[in-house]
A.B. asks: 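Quick one: structure below, then a few questions.
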Amino acid sequence: LSLKFGDIGNLKGLVIRFLLSSSYYQLSVQSWFSLHRLQLLYNHSVQATFNATRIHAPASYSYHCEHVSSLQRYDALLIPSSADDLSKLWEVTFIDFQIQGFNIQEGHFAYAKDCASFLSPAILMGLVMSLILLLVLAYALHMLIHLKSLDRHYECKASPAYFAQMKDNDMGDEKEPLRNSGIESYELRNQQFGKIYI
């Protein structure tokens with residue numbers, strides 16, 4: 001698959017050639033296409049060759065990726081074919097790259113298989129944050145359950161059943177009437193309970 005720029009300024013004579021292949025895999029019971037190599041030609045001579053990695057999709061699909069590049073900051077899906085090649089002098093980056101080599105219908109791309117992996121850095125960070133939030137929630141629930149058990153413990157301690165009951169028959173012995181300026185009062189004989197005036 002060749003992409004020719006024609007007579008566009010300084011790009012005249014530049015051709016980008018994509019070498020694709022289609023293979024049938026029994027495990028997936030379908031054909032897949034792969035991009036094996038990218039060549040840059042200028043004035044009919046090969047200037048640079050890059051080996052493509054991980055650029056593949058089912059033959060009935062297209063392949064899409066936000067960046068297909070030879071630069072490390074874009075995950076370097078294009079790797080120079082050899083150290084002696086002039087590829088190291090070139091930096092190639094395709095933005096919003098989409099390709100389909102086979103089974104093209106009505107000149108439109110088929111459903112795209114995206115290059116984003118299931119474990120991208122953003123997804124991993126989201127999973128880690130979710131795990132931290134779950135741990136905080138579990139700790140908070142544990143503390144709430146623990147506080148409820150403490151409340152029940154103190155409620156039992158404060159129950160009137162734990163205080164000694166005063167006998168009714170002893171109440172008459174423990175008080176005696178006092179006469180003082182027309183106010184009737186009683187003084188408890190047992191001084192540990194204090195005095196009560198009525």
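On a predicted model such as this, the values are computed, not experimentally measured, just so you know.
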A.B. asks: With distance as the sole criterion, is a donor-acceptor pair present between the side chains of Thr93 and Glu91 under 3.5 Å?
C.D. replies: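 Side-chain D/A pair, Thr93 to Glu91: absent.
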A.B. asks: Can you tell if the side chain of Thr49 reaches within under 4.5 Å of the side chain of Arg37, non-hydrogen atoms only?
C.D. replies: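 Counting from C-beta outward, Thr49 and Arg37 do come under 4.5 Å.
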A.B. asks: To the nearest 0.5 Å, what is the distance between NZ (Lys88) and OG (Ser70)?
C.D. replies: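 Between Lys88 NZ and Ser70 OG, I get 10.0 Å after rounding to 0.5 Å.
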A.B. asks: Take atom OH of Tyr111 as the centre, draw a 6.0 Å sphere, and report whether it contains more than 12 heavy atoms from other residues, nucleotides or ligands.
C.D. replies: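 Counting other residues, nucleotides and ligands, OH of Tyr111 stays at 12 neighbours or fewer.
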A.B. asks: Got Pro58 and Lys113 here, is their nearest side-chain heavy-atom distance under 4.5 Å?
C.D. replies: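 They are in contact (side-chain heavy atoms under 4.5 Å apart), so the answer is yes.
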A.B. asks: Which heavy atom of His108 sits nearest to which heavy atom of Gln100, and what is that distance?
C.D. replies: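 Looking at all heavy atoms of both residues, the shortest contact is O-OE1, 4.2 Å.
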A.B. asks: For residues Phe50 and Pro80, determine if any side-chain heavy atom of one lies less than 4.5 Å from a side-chain heavy atom of the other.
C.D. replies: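 Yes, close enough: below the 4.5 Å cut-off.
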A.B. asks: Would you say the side chain of Cys115 lies within less than 4.5 Å of the side chain of Arg54, judging by non-hydrogen atoms?
C.D. replies: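 Side-chain contact under 4.5 Å: no.
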A.B. asks: Between SG of Cys65 and CG of Asp114, what distance do you get to the nearest 0.5 Å?
C.D. replies: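 Cys65 SG to Asp114 CG: 6.5 Å, rounded to 0.5 Å.
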A.B. asks: When clusters are formed by joining ILVMFWY residues with side-chain heavy atoms under 4.5 Å apart, either directly or through shared neighbours, do Leu40 and Leu89 land in the same one?
C.D. replies: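 Linked within one cluster.
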A.B. asks: Just to verify, what does Phe18 make a side chain to side chain contact (heavy atoms under 4.5 Å, CB included) with, not counting sequence neighbours?
C.D. replies: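 With sequence neighbours excluded, Phe18 shows a side chain to side chain contact (heavy atoms under 4.5 Å, CB included) to Leu1, Leu3, Ile16, Leu20, Leu35, Leu38, Phe94, Phe97, Ile99, given in chain and number order.
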A.B. asks: Distance from Leu135 atom CG to Ser130 atom OG, nearest 0.5 Å?
C.D. replies: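 So the gap between those two atoms works out to 11.0 Å.
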A.B. asks: Any side-chain heavy atom of His36 within less than 4.5 Å of one from Asn51?
C.D. replies: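 No, their side chains stay 4.5 Å or more apart.
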A.B. asks: What are the two closest heavy atoms between Ser31 and Ser22, and how far apart are they?
C.D. replies: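 Between these two residues, the closest heavy atoms are CB-OG, 4.1 Å.
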A.B. asks: Can you measure from CG (Leu41) to OG (Ser2) and round to the nearest 0.5 angstrom?
C.D. replies: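 Result: 7.5 Å between the selected atoms.
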A.B. asks: Using every non-hydrogen atom in the two residues, find where Phe33 and Tyr61 come nearest and quote the distance to one decimal.
C.D. replies: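 Reported closest heavy-atom pair: CE2-O, 3.4 Å.
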A.B. asks: Could you measure the distance from the CD atom of Gln39 to the OG atom of Ser81? Nearest 0.5 Å is fine.
C.D. replies: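 Atom-to-atom, Gln39:CD and Ser81:OG are 8.5 Å apart.
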A.B. asks: How many angstroms lie between atom CD of Gln30 and atom OH of Tyr24, to the nearest 0.5 angstrom?
C.D. replies: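 It is 8.5 Å, given to the nearest 0.5 Å.
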A.B. asks: Closest approach of Ala112 and His64, non-hydrogen atoms and distance?
C.D. replies: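 Closest approach of Ala112 to His64: CB-CB, 3.8 Å.
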A.B. asks: Please report the closest heavy-atom contact between His56 and Trp32, naming both atoms and the distance.
C.D. replies: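 Distance-wise, the nearest heavy atoms are ND1-CZ3, 3.8 Å.
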A.B. asks: Applying salt bridge (charged side-chain N to carboxylate O under 4.0 Å, His left out), name anything that partners Arg17, two or more places apart in sequence or on another chain.
C.D. replies: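 Checked Arg17 against salt bridge (charged side-chain N to carboxylate O under 4.0 Å, His left out); zero matches.
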A.B. asks: Scan for disulfide (SG to SG under 2.5 Å) pairs involving residues 2-36, sequence neighbours excluded, and state none if there are none.
C.D. replies: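 Those involving residues 2-36 do not exist here.
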A.B. asks: Decide whether Val68 and Val92 are clustered together by the hydrophobic rule: side chain heavy atoms of Ile, Leu, Val, Met, Phe, Trp, Tyr closer than 4.5 Å, transitively.
C.D. replies: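 Hydrophobic grouping puts Val68 with Val92.
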A.B. asks: Spell out, yes or no, whether Ile55 and Trp90 are grouped together once hydrophobic residues are joined by side-chain heavy atoms under 4.5 Å, including indirect joins.
C.D. replies: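 Hydrophobic grouping puts Ile55 with Trp90.
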A.B. asks: Determine whether Phe102 and Leu19 fall in the same hydrophobic cluster, where Ile, Leu, Val, Met, Phe, Trp and Tyr are linked whenever their side-chain heavy atoms lie under 4.5 Å apart.
C.D. replies: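 Per the 4.5 Å side-chain linkage, Phe102 and Leu19 are not co-clustered.
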